[in-house]
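Below is one structure, written out as structure tokens; comments come after it.
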Amino acid sequence: MAQEGLLVSAFYLLVFTAVLITYRVLRGPTLPDRIVGLNTITTKVVVIIALVSVMRGEYYLIDLAIVLLMVNSVGGLILAKYMERRGAGA
Amino acid sequence: MLEVLLLLFGEAVMLFGALGILRFPDVYTRLHAATKCDTGGAMSIILYLIITMNAPALVRAKLLVLAFLIAMMNPMVSHALARGAYRYGVKPKVVVDMYAWDNP
């Protein structure tokens with residue numbers, strides 16, 4: 001089926017870009033670089049979960065994607081607050 | 001047939017955003033590329049999924065909620081990260097730093 005192949009190729013390309021950004025997470029010069037890389041990877045994982053739930057027909061995974069997006073945004077805000085406070089203190 | 005263009009656009013934006021995160025010289029330019037690729041690419045891919053899937057309407061509504069949440073939350077987190085990185089002490093590698101004019 002043509003549409004299935006399209007979705008599978010999209011899945012593999014998203015995994016490839018996530019692996020590319022892993023370099024920035026591991027070898028980032030500063031702390032904000034690593035945080036930006038982690039944030040981007042998590043959003044890509046949200047899209048990957050939505051793709052898999054449509055491909056396999058298991059629609060309960062969409063709830064998991066929504067919860068992961070919310071956890072990612074709250075974690076990003078907490079890390080930004082941590083950076084702000086640590087820069088002001090030191 | 002036309003909605004495949006939406007998926008291809010999302011994939012291209014994701015790929016170029018990843019290249020930008022790898023190749024740009026600074027935290028703020030990397031954040032620029034990351035925000036563009038996350039918001040635009042993810043939203044267009046999810047809109048493609050909404051258009052082409054054959055599923056109950058509740059599932060499509062959940063995907064629409066997911067796209068709406070991405071559009072709301074992702075720029076907010078990026079703004080907070082840029083502000084936190086500036087307060088953390090990372091200076092941008094530019095000639096004119098207009099953020100420092102407003103926030104001495």
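Proteins get letters first, then strands, A, B, ... in listed order; numbering begins at 1 in each. Scope of the values below: all heavy atoms of this structure, side chains included, with no hydrogens, waters or symmetry mates.
- Only the side chain of A:Asp63 comes within less than 4.5 Å of a heavy atom of chain B; its backbone N, CA, C and O stay farther away.
- Among the candidates A:Ala10, A:Ala65, A:Gly37, A:Ala18, the residue making the largest number of heavy-atom pairs closer than 4.5 Å to chain B is A:Ala10.
- At least one side-chain heavy atom of B:Tyr48 sits less than 4.5 Å from a side-chain heavy atom of A:Leu6.
- Counting heavy-atom pairs under 4.5 Å between each of A:Leu79, A:Leu51, A:Asp33 and chain B puts A:Asp33 at the top.
- Heavy-atom distances place both the backbone and the side chain of B:Leu15 under 4.5 Å from chain A.
- Linking ILVMFWY side-chain heavy atoms closer than 4.5 Å, directly or via other members, places B:Leu19 and B:Phe9 in two distinct hydrophobic clusters.
- Cluster membership check: A:Ile66 shares its hydrophobic cluster with A:Val46, using side-chain heavy-atom separations under 4.5 Å among Ile, Leu, Val, Met, Phe, Trp and Tyr.
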Quiz item: Can you check side-chain contact (heavy atoms from CB on, under 4.5 Å) on A:Ser9 and B:Glu11, steps first, answer last?
Solution: CA-CA 10 Å; A:Ser9 65; B:Glu11 292 293 326; over 6 Å; no
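- Looking only at heavy-atom pairs under 4.5 Å with chain A, the residue among B:Gly89, B:Gly17, B:Pro56, B:Ala85 that has the most is B:Ala85.
- Heavy-atom distances place no part of B:Leu8 under 4.5 Å from chain A, backbone and side chain included.
- To the nearest 0.5 Å, the span separating CE on B:Met53 from OG on A:Ser53 amounts to 6.0 Å.
- No single ILVMFWY cluster, assembled from side-chain heavy atoms under 4.5 Å apart, contains both A:Val71 and A:Tyr60.
- Annotation: side chain of B:Thr52 is not in contact with side chain of A:Leu7 (no heavy-atom distance under 4.5 Å).
- One hydrophobic cluster, built from ILVMFWY side chains closer than 4.5 Å, holds both A:Val52 and A:Leu64.
- Of the two parts of A:Leu20, the backbone and the side chain both hold a non-hydrogen atom closer than 4.5 Å to a non-hydrogen atom of chain B.
- Looking at B:Met72 and A:Ser73, their side chains never come closer than 4.5 Å, going by heavy atoms from C-beta outward.
- What you find for A:Arg24 and B:Ile21 is that their closest heavy atoms are NE-O, 3.3 Å.
- Both the backbone and the side chain of B:Leu66 come within contact range of chain A, each with at least one heavy atom under 4.5 Å from a heavy atom of that chain.
- With chain A as partner, the option from B:Val59, B:Leu31, B:Asp38, B:Val65 having the largest number of non-hydrogen pairs under 4.5 angstrom is B:Asp38.
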Self-check item: Verdict with reasoning, A:Tyr59 to B:Arg60, per side-chain contact (heavy atoms from CB on, under 4.5 Å)
Solution: CA-CA 10 Å; A:Tyr59 297 129; B:Arg60 293 188 191 194; over 6 Å; no
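- Atom CD of residue A:Glu84 and atom CZ of residue B:Arg83 lie 4.5 Å apart, to the nearest 0.5 angstrom.
- Both the backbone and the side chain of B:Leu81 come within contact range of chain A, with heavy atoms under 4.5 Å apart.
- Considering CE of B:Met73 and CG of A:Asn72, their distance stands at 9.5 Å, rounded to 0.5 Å.
- Among A:Ile35, A:Val47, A:Thr43, the residue with the largest count of heavy-atom pairs under 4.5 Å with chain B is A:Thr43.
- Your options are B:Leu22, B:Ile45, B:Val77, and the one with the most heavy-atom pairs under 4.5 Å with chain A is B:Leu22.
- For A:Thr30, the part lying near chain B is the side chain, with the backbone staying farther off; criterion is any non-hydrogen pair under 4.5 Å.
- What you find for A:Met83 and B:Gly84 is that their closest heavy atoms are CB-O, 3.8 Å.
- When hydrophobic clusters are built by joining Ile, Leu, Val, Met, Phe, Trp and Tyr residues whose side-chain heavy atoms come closer than 4.5 Å, directly or via intermediates, B:Val4 is not grouped with B:Val13.
- No donor-acceptor distance shorter than 3.5 angstrom exists from the side chain of B:Arg30 to the backbone of A:Val36, with no hydrogens or angles considered.
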